[in-house]
Engineer: 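Starting off with a structure, shown below.
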Amino acid sequence: MSFSRSSAQALKQAVKFAAPASRQVARRSVSVLARQAPKAAMGANLGAVRGVKTLDFAGTKEVVYERADWPLDKLQDYFKNDTLAMIGYGSQGHGQSLNARDNGLNVIVGVRKGGESWKQAQEDGWVPGETLFDIPEAINKGTIIMNLLSDAAQSQTWPEIAPLITKGKTLYFSHGFSVVYKDDTHVIPPKDVDVILVAPKGSGRTVRTLFLEGRGINSSVAVYQDVTGKATEKAVGIAIAVGSGYCYETTFEKEVFSDLYGERGVLMGGIQGMFLAQYEVLRKNGHSPSEAFNETVEEATQSLFPLIGKYGMDYMYNACSTTARRGALDWAPKFRDANLPVFEALYKSVKDGSETRRSLEFNGRKTYREDLQKELDEIDNQEIWRAGKTVRALRPDSGKDEL
Ligand SMILES: NC(=O)c1ccc[n+]([C@@H]2O[C@H](COP(=O)([O-])OP(=O)(O)OC[C@H]3O[C@@H](n4cnc5c(N)ncnc54)[C@H](OP(=O)(O)O)[C@@H]3O)[C@@H](O)[C@H]2O)c1
């Protein structure tokens, strides 16, 4: 896939989806403050004016980096002497390594032999002895060591991995977890290497599918240790190489706190709990499973949440009836107040390391895959999600976009 083509597609996509109202909002709120291109260039070639810039995010100025700043030839030239060693082949390892490979970078994969990942990597075209190695061999061959083992495995394998991270290599993570919670993980990077982070804000599967669609995931980038003075540009370059559309700056600590908090909250745990509570009350009051599911999940995911995603919360409200608007406006503060203490407790549990210790203990078990699967099967068996299968099968486009 050509890089410029994917940028152009992304642009086309953005223009296609932008409603007139949202374009005006975007024009009003985004003020480019740094590295602004001459006015004449604007409009003629949007790619040329995009790049590193400081944007105004609701009154706070932040630096962002865009894919347009790293055309494919620059990316390939920058990393021409590097070998990206992808250690681990879970959902992030899969998405990031395939994207970097498709972008023409020199990528190898390192996983334990005989495991699930070894099998999956081969299915994706990584060849044992050529581009697929066991972990120590891949680290020895790599210059940029991308540690994308599970967070628990990063801690368990660190005693064997640490001596192989020699001077001149770069150590890369997609989560601040191991380094920030070093008292629990014992992951302490060697002093003489750059240590960088690119954290895609989505699942590894999305990292791959957005890239294949010519779009890009948003990622945060951070530098923990800058020995060469080039750690930031390296992090941004890799972020683009693995499929990011744009990246914003953070620190290892801020990344891990916000990430652990977000996934336990609204992104996963919070929404699961809220869906279930709403569904249960409807069922207790005599509503059928199809009605309870449609009023809780289907309308949210198929109609209202995509509107929030595309145009914002106020747009979603405006798309609904005045009856709905009045009631939702009245109840939103009650939900906020009820949830606030739970979110406060969650952030504290993240910050004091409780969430990390729980994760290290559970995901460090030999049976971690089976244990997790058992709990996921229980969810799958809940009435709400069984009802969901029937509802989804009734969609006219059912089966056309199976995962
Ligand atoms: N998934 C996401 O949505 C996401 C998003 C952003 C950042 N991240 C971060 O990206 C990193 C990777 O996450 P992930 O979800 O892609 O992977 P994951 O599912 O958490 O980890 C899977 C990988 O770890 C390996 N592994 C597990 N235990 C091992 C052990 N004891 N020894 C050697 N290898 C072991 C697995 O190999 P086997 O198959 O051999 O078991 C597999 O390759 C993490 O730091 C995560 O926090 C993830």
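Atoms within a ligand are numbered from 1 in the order they appear, just like the ligands themselves.
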Engineer: If you measure only the distance, is there a donor-acceptor pair under 3.5 Å linking the side chains of R386 and N381?
Structural biologist: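 Result is no, nothing qualifies.
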Engineer: Would you call the rings of F305 and F275 parallel, tilted or perpendicular, taking 30° and 60° as the class edges?
Structural biologist: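 Plane angle under 30°, so parallel.
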Engineer: Which word best sums up how the rings of F257 and Y181 line up, parallel for under 30°, tilted for 30 to 60°, or perpendicular for over 60°?
Structural biologist: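 Tilted, since the angle between the ring planes falls between 30° and 60°.
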Engineer: Quick one: do the Q154 and W158 side chains pair a donor with an acceptor below 3.5 Å?
Structural biologist: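 The answer is no; no qualifying pair exists.
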Engineer: Compile the protein residues with any heavy atom at a distance under 4.0 Å from an atom of ligand 1; present them by chain, then by number.
Structural biologist: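 Lining ligand 1: G88, Y89, G90, S91, Q92, G93, R112, G115, E116, S117, L148, L149, S150, D151, A153, Q154, Q156, T157, S174, H175, P200, G202, S203, Y368, R369.
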Engineer: Any salt bridge between K374 and D377, counting N to O under 4.0 Å?
Structural biologist: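 Answer for the salt bridge query: no.
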Engineer: Report yes or no: do W70 and Y78 form a side-chain donor-acceptor pair below 3.5 Å?
Structural biologist: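 No, no side-chain donor-acceptor contact under 3.5 Å.
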